[in-house]
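Reading through the structure tokens given below for one structure.
Computed from heavy atoms alone, side chains included, the values below leave out hydrogens, waters and symmetry copies.
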Amino acid sequence: MVLMALDHTRDFMSYPGFPPEDMAHTNGALFFTRVLTHFCAPVFAFLAGTGAFLATSRGKSLPQVSRFFLTRGLWLVLLELTLIDFAWGFVPWAHAGVIWGLGWSMVAMALIVRLPVRWIGVLGLGMIATHNLLDRIDPASFGKLSWLWIFLHNPGRIPVTADFQFSIRYVLIPWVGVMAAGFAFGSLLLRPDRRKWILTLGISATTLFFMLRAFNLYGNGIAGLVFGYPRSAGQWSVQPTLSLTVVSFFNTLKYPPSLDYLLMTLGPSLILLGLLDKAKADRGLKRILLVFGRVPLFYYVLHLYVIHILAILVALAFRQPMLHGSVIADFATKPVGYGHGLPFIYAMWILAVAILYPPSRWFMEFRSRHRDWTWLSYL
């Protein structure tokens, strides 16, 4: 949750007119600021599935979990198209981001959850491992149904009218598979030797990433463009400097998330989860992180508005240009002369997280006092 705020602070307040994954323009510091935040979306999707499985161990029936997936998923899609999309630009905009992807994955899980847990795990891992075989399928080959393939696997823009396009970055394949794998993973957390299993899975996934990537084997999509910019895909290669060579190695495809990308993020995350298995979040930084983790959706919606308003205030303070009275987090639309370097970005990130803590703690305590208010679970 905290790292995600760093990524979005960089989106709103940095000056580069190119994505950090663009090998022709990036640098080590900018790229690895982005890589730190790559862990967010995969862990969100994976643990959403895990949390749903753990709910079954606390007495919820499969029909109840299925209904929760369906209603929560549709609610997330609605939020994406309203409050969240507006927060990004303060202007009318239609963009399918991470909440959209999580929402539709939950809708799919409403059906998948009725399968045996073992088969859910096979489905999830199979989708993660094999979906890159679909990379060369062009949406145009589906004719009038090209929008369906964009929705399922190939991020892009869907024309709605002559002047309006709907952009999709988070597709169903393989995000549904990540959530399904997380659901099956939940069964391991009920075992007395769970720490051994978590660490074994994490180390295995991380090792597999280095093996696939080192030999430029299968698993990172094909080179091309996403939304008009070079995307992180294809084989790595030796670059003019050591820093850029390392960048090339870790430059894995997020849209859609390649096998390499998911191994690179979920593997180390599982290792960390295993190491922190018995940690107590009773004070200090651990207690602060616990607060954010207990109000994830409330925090997510609020953090976009806080960071966007901070970006506007910063632009006014530094007398920098703005677009339509706001700053839209899109590389192509950033006005010339707008933005700041990474040290300033990190400072604004810390400020934003500090601002978000009091309302997040208030809402956490509010929810704990009103556990009988079922509708609060949708916030």
- Query: In the single-linkage hydrophobic clustering (I, L, V, M, F, W, Y; side-chain heavy atoms under 4.5 Å), do Leu81 and Leu76 co-cluster?
  - Reply: yes
- Item | Nearest atoms (heavy-atom pairs only) where Val178 meets Ala45 | CG1-CB, 3.8 Å
- Query: Do the side chains of Phe90 and Tyr305 get nearer than 4.5 Å, heavy atoms only?
  - Reply: yes
- Query: Could you state the interatomic distance from CG (Leu115) to CZ (Phe183), rounded to the nearest 0.5 Å?
  - Reply: 10.0 Å
- Task: Quick one: closest heavy-atom pair of Arg34 and Pro20, and the distance?
- Result: CB-CB, 3.8 Å
- Query: At their closest point, which heavy atom of Asp138 faces which heavy atom of Ser141, and how far apart are they?
  - Reply: O-OG, 2.5 Å
- For Leu244, does its backbone N or O pair with a side-chain atom of Ser248 as donor and acceptor, under 3.5 Å? no
- Item | Distance (rounded to the nearest 0.5 Å) between Asp11 CG and Leu6 CG | 10.0 Å
- Working to the nearest 0.5 Å, report the span between CG of Leu134 and CG of Leu152. 10.0 Å
- Parallel, tilted or perpendicular, as decided by the 30° and 60° cut-offs, for the rings of Tyr346 and Trp349: perpendicular
- Task: Kindly indicate whether the side chain of Asn132, heavy atoms from C-beta on, has any atom under 4.5 Å from the side chain of Asn220.
- Result: no
- Message: With clusters defined by side-chain heavy atoms of hydrophobic residues (ILVMFWY) lying less than 4.5 Å apart, directly or transitively, does Ile128 cluster with Phe210?
- Response: yes
- Message: In terms of relative ring orientation, are His370 and Trp373 parallel, tilted or perpendicular, with 30° and 60° separating the classes?
- Response: tilted
- Who are the side-chain contact (heavy atoms from CB on, under 4.5 Å) partners of Val247, not counting sequence neighbours? Met23, Thr26, Phe31, Phe32
- Message: Does Leu70 form a side-chain contact (heavy atoms from CB on, under 4.5 Å) with Met109? I'd like the steps, not just the answer.
- Response: CA-CA 8 Å; Leu70 178 63; Met109 284 297 297; over 6 Å; no
- Query: Any chance the rings of Trp100 and His95 have centres within less than 6.0 Å?
  - Reply: no
- Search all heavy atoms of Ser105 against all heavy atoms of Gly101 and return the closest pair with its distance. OG-O, 2.8 Å
- Query: Counting distance only, does the side-chain N/O of Tyr218 pair as donor-acceptor with the main-chain N or O of Ala129 below 3.5 Å?
  - Reply: yes
- Task: Taking the side chain as every heavy atom from C-beta outward, state whether Tyr300 and Val98 have any atom pair closer than 4.5 Å.
- Result: yes
- Where is the tightest heavy-atom contact between Ser360 and Tyr299, given as atom of each residue plus distance? OG-CD1, 3.9 Å
- Between the CG atom in Leu145 and the CD1 atom in Ile150, the distance rounded to the nearest 0.5 Å is 11.5 Å
- Item | Side-chain heavy-atom pair Phe366, Leu376 within 4.5 angstrom cut-off | yes
- Query: Are Arg367 and Phe298 side-chain neighbours, meaning at least one heavy-atom pair lies under 4.5 Å?
  - Reply: no
- Message: Which residue in the set Ile198, Ile203, Leu201, Leu266 passes side chain to side chain contact (heavy atoms under 4.5 Å, CB included) when paired with Ile271?
- Response: Ile203
- Excluding sequence neighbours, so at least two apart, what forms side-chain hydrogen bond (donor to acceptor under 3.5 Å, both in side chains) with Tyr261? none
- Query: Ile345, Leu316: one ILVMFWY side-chain cluster at the under-4.5 Å cut-off?
  - Reply: yes
- Distance, nearest 0.5 Å, that separates CG of Leu304 from CZ of Phe86: 12.5 Å
- Query: Using a distance-only test with no angle check, is there a side-chain donor-acceptor pair under 3.5 angstrom linking Ser66 and Gln64?
  - Reply: no
- Message: What I'd like to find out is whether the side chain of Met264 reaches to under 4.5 Å of the side chain of Arg213, using heavy atoms alone.
- Response: no
- Task: Could you check Arg114 against Leu62 for side-chain contact (heavy atoms from CB on, under 4.5 Å), going step by step and ending with a plain yes or no?
- Result: CA-CA 7 Å; Arg114 297 179 181 273; Leu62 282 181; 5.6 Å; no
- Query: Can you tell me how far CZ of Arg195 sits from CG of Leu276, rounded to the nearest 0.5 angstrom?
  - Reply: 9.0 Å
- State, to 0.1 Å, how close Arg194 and Leu188 come at their nearest heavy-atom pair, and which atoms those are. CB-O, 3.2 Å
- Message: Looking at Leu30, is its backbone amide N or carbonyl O close enough to the side chain of Asn27 to form a donor-acceptor pair, meaning the two atoms are under 3.5 Å apart?
- Response: yes
- Message: Could you go through Glu21 and Lys254, starting from their C-alpha distance and side-chain angles, then the distance that decides it, and tell me whether this counts as side-chain contact (heavy atoms from CB on, under 4.5 Å)?
- Response: CA-CA 10 Å; Glu21 299 92 339; Lys254 183 177 182 180; 5.6 Å; no
- Task: Would you please test Gln320 and His340 for side-chain contact (heavy atoms from CB on, under 4.5 Å) and show each step?
- Result: CA-CA 10 Å; Gln320 293 182 340; His340 302 271; 3.5 Å; yes
- Query: Among Trp104, Phe44, Phe151, Tyr170, whose ring pair (Phe, Tyr, Trp, His ring centres under 6.0 Å) with Trp175 holds?
  - Reply: Tyr170
- Answer yes or no: are there more than 12 heavy-atom neighbours, outside Tyr357 itself, under 6.0 Å from its atom OH? yes
- Message: Test of understanding: clusters of I, L, V, M, F, W, Y form through side-chain heavy atoms closer than 4.5 Å, transitively. Do Phe46 and Phe39 belong to the same one?
- Response: no
- Task: Verify, without hydrogens or angle tests, whether Thr37 (side chain) and Leu3 (backbone) share a donor-acceptor contact under 3.5 angstrom.
- Result: no
- Query: Do Leu302 and Phe363 touch side chain to side chain, with heavy atoms closer than 4.5 Å?
  - Reply: no
- Query: Aromatic rings His131 and His153: how do their planes relate, parallel, tilted or perpendicular, breaks at 30° and 60°?
  - Reply: perpendicular
- Task: Classify the angle between the aromatic ring planes of Phe142 and Trp149 as parallel (below 30°), tilted (30 to 60°) or perpendicular (above 60°).
- Result: parallel
- Not counting sequence neighbours, which residues clear side-chain hydrogen bond (donor to acceptor under 3.5 Å, both in side chains) with Thr130? List them please. none
- Indicate if Ile309 and Leu83 have the same hydrophobic cluster label, given that clusters are the connected sets of ILVMFWY residues with side-chain heavy-atom separations under 4.5 angstrom. yes
- Test of ring centre spacing under 6.0 Å for Phe344 and Phe318: yes
- Task: For residues Leu217 and Leu212, determine if any side-chain heavy atom of one lies less than 4.5 Å from a side-chain heavy atom of the other.
- Result: yes
- Message: More than 12 heavy atoms of other residues, nucleotides or ligands under 6.0 Å from CZ of Arg136: yes or no?
- Response: no
- Query: So, does Ser167 use its side chain to make a donor-acceptor pair with the main chain of Arg157 at under 3.5 Å?
  - Reply: no
